[in-house]
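Index from 1, following the sequence. Below, all heavy atoms of this structure are taken into account, side chains as well, without hydrogens, waters or symmetry copies.
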Amino acid sequence: MSGEKADGGNGNGSVAGAVEEGRAGVSAPAQALARAPAQAQAPAQVPASAQAPASAQAPAQAPAPAQARVSLRERKKQLTYRAISDAAVAMFLERGFDKVSVAEVAAAADISKPTLFRYFPAKEDLALHRFADREDEAARVVGGRAPGASPLEALRRHFLAGLDRRDPATGLCDAPQVLAFHRLLYGTPSLVARLYAYQGRSEAVLARALGGGVTARLAAGQIIAVLRVLAEENWRRIDAGESADRVYAGAVQAAEEAFVQLRSGLEPEGRG
């Protein structure tokens, strides 16, 4: 049942190639990283799924009625997305992704199949909706970094902070519900393939944050690939039976080494 759609890449890049360029001099991706503008006044945003409800936030001033209506509409839309996705994931975890049909998810959510497809273009998106909030995370980190900080340094600090708080996106999380979801994800080929599409969009957004062009795309591809490999390695160790606390030190060391490798090929000498 995988691959159901309403109608009807991910380029990983080569870190090794970037390292070789770095030994010879400043690589083209390094120039893209050096040019990426810092926007200290625009801090990285929290993904929608992690934000506090609007009622818990105290706005500086009351929004205009039109703004309030738009905000309410968007909140309702996000709640609908999440409710449908949560129902689908629960069914997938219980019975397996390929044994649950889109029609069954629609029935469980009390909506029609065409309505469901207006929210989720493909069945795989029902399981991967939570990744949509994080597609632009690396770009937001780059855009919101402190003055004087390089893009790679900002991303390094962000990833290490994620390891420290056991962010599931880093792979370093052994909470039972996260383990169950990751086993569903990595054990379903169609979900893995769809995840690559999400990562491809992450690359595109990050490339724009790095200034655009081929050199920025090369840098973004290598960065996203490194983040993916680090997370997968952490997940692999936890899935083999190690606790997140036991994996933590090795995960930090691997991340530090990965960013050194990236920096040697993606940043000019003396930066970082």
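Between D167 and R134, the closest side-chain pair of non-hydrogen atoms falls below 4.5 Å. Put simply, the side chain of V252 does not reach to within 4.5 Å of the side chain of D164, judged on heavy atoms. Between L155 and L262, every side-chain heavy-atom pair lies at or beyond the 4.5 Å cut-off. Using a 4.5 Å heavy-atom threshold, the side chains of L185 and F131 count as touching. A heavy-atom distance below 4.5 Å is not found between the side chains of K113 and L116. Between L160 and E256, some side-chain heavy-atom pair lies under the 4.5 Å cut-off. Contact annotation: the side chain of V141 never approaches that of R145 to less than 4.5 Å [non-hydrogen atoms, C-beta and beyond]. The closest side-chain heavy-atom distance from H182 to V178 is below 4.5 Å.
Distance alone, capped at 3.5 Å, places no donor-acceptor pair between the R183 side chain and the A180 backbone. Looking at S202, its side chain does come within 3.5 Å of a backbone N or O of E135 through a donor-acceptor pair. In this structure a side-chain-to-backbone donor-acceptor pair under 3.5 Å is present from E104 to S101. S85 places a side-chain N or O within donor-acceptor distance of the main-chain N or O of L126, the cut-off being under 3.5 Å.
I224 and L195 fall within the same hydrophobic cluster, where Ile, Leu, Val, Met, Phe, Trp and Tyr residues are linked whenever their side-chain heavy atoms come under 4.5 Å apart, directly or through other members. Taking hydrophobic clusters as Ile, Leu, Val, Met, Phe, Trp and Tyr residues chained together by side-chain heavy-atom distances below 4.5 Å, I111 shares a cluster with V100.
Taking the charged nitrogens against the carboxylate oxygens, D136 and R140 do have a contact shorter than 4.0 Å, which makes a salt bridge. Under the 4.0 Å criterion applied to side-chain N and carboxylate O atoms, D174 and R166 are not assigned as salt-bridge partners. The existence of a salt bridge linking E153 and R157 is confirmed by a sub-4.0 Å separation between a basic side-chain nitrogen and an acidic carboxylate oxygen.
Cation-pi contact between R201 and Y198: present, with separation from the ring centre below 6.0 Å and deviation from the ring axis of at most 45°.
Counted by atom type alone, S71 and R75 present one or more donor-acceptor pairs between their side chains at under 3.5 Å. Side-chain atoms of R118 and T115 form a donor-acceptor pair, as typed in the model, at a separation below 3.5 Å. No donor-acceptor contact under 3.5 angstrom links the side chains of E257 and Q261, judged on distance only. Defined by atom type and a distance below 3.5 Å, a donor-acceptor pair is present between the side-chain atoms of E74 and Q78.
Under the ring pair (Phe, Tyr, Trp, His ring centres under 6.0 Å) criterion, Y81 pairs with Y119, F120, H129, sequence neighbours left out.
The nearest pair of heavy atoms linking V105 to A88 is CG1-CB, 3.7 Å.
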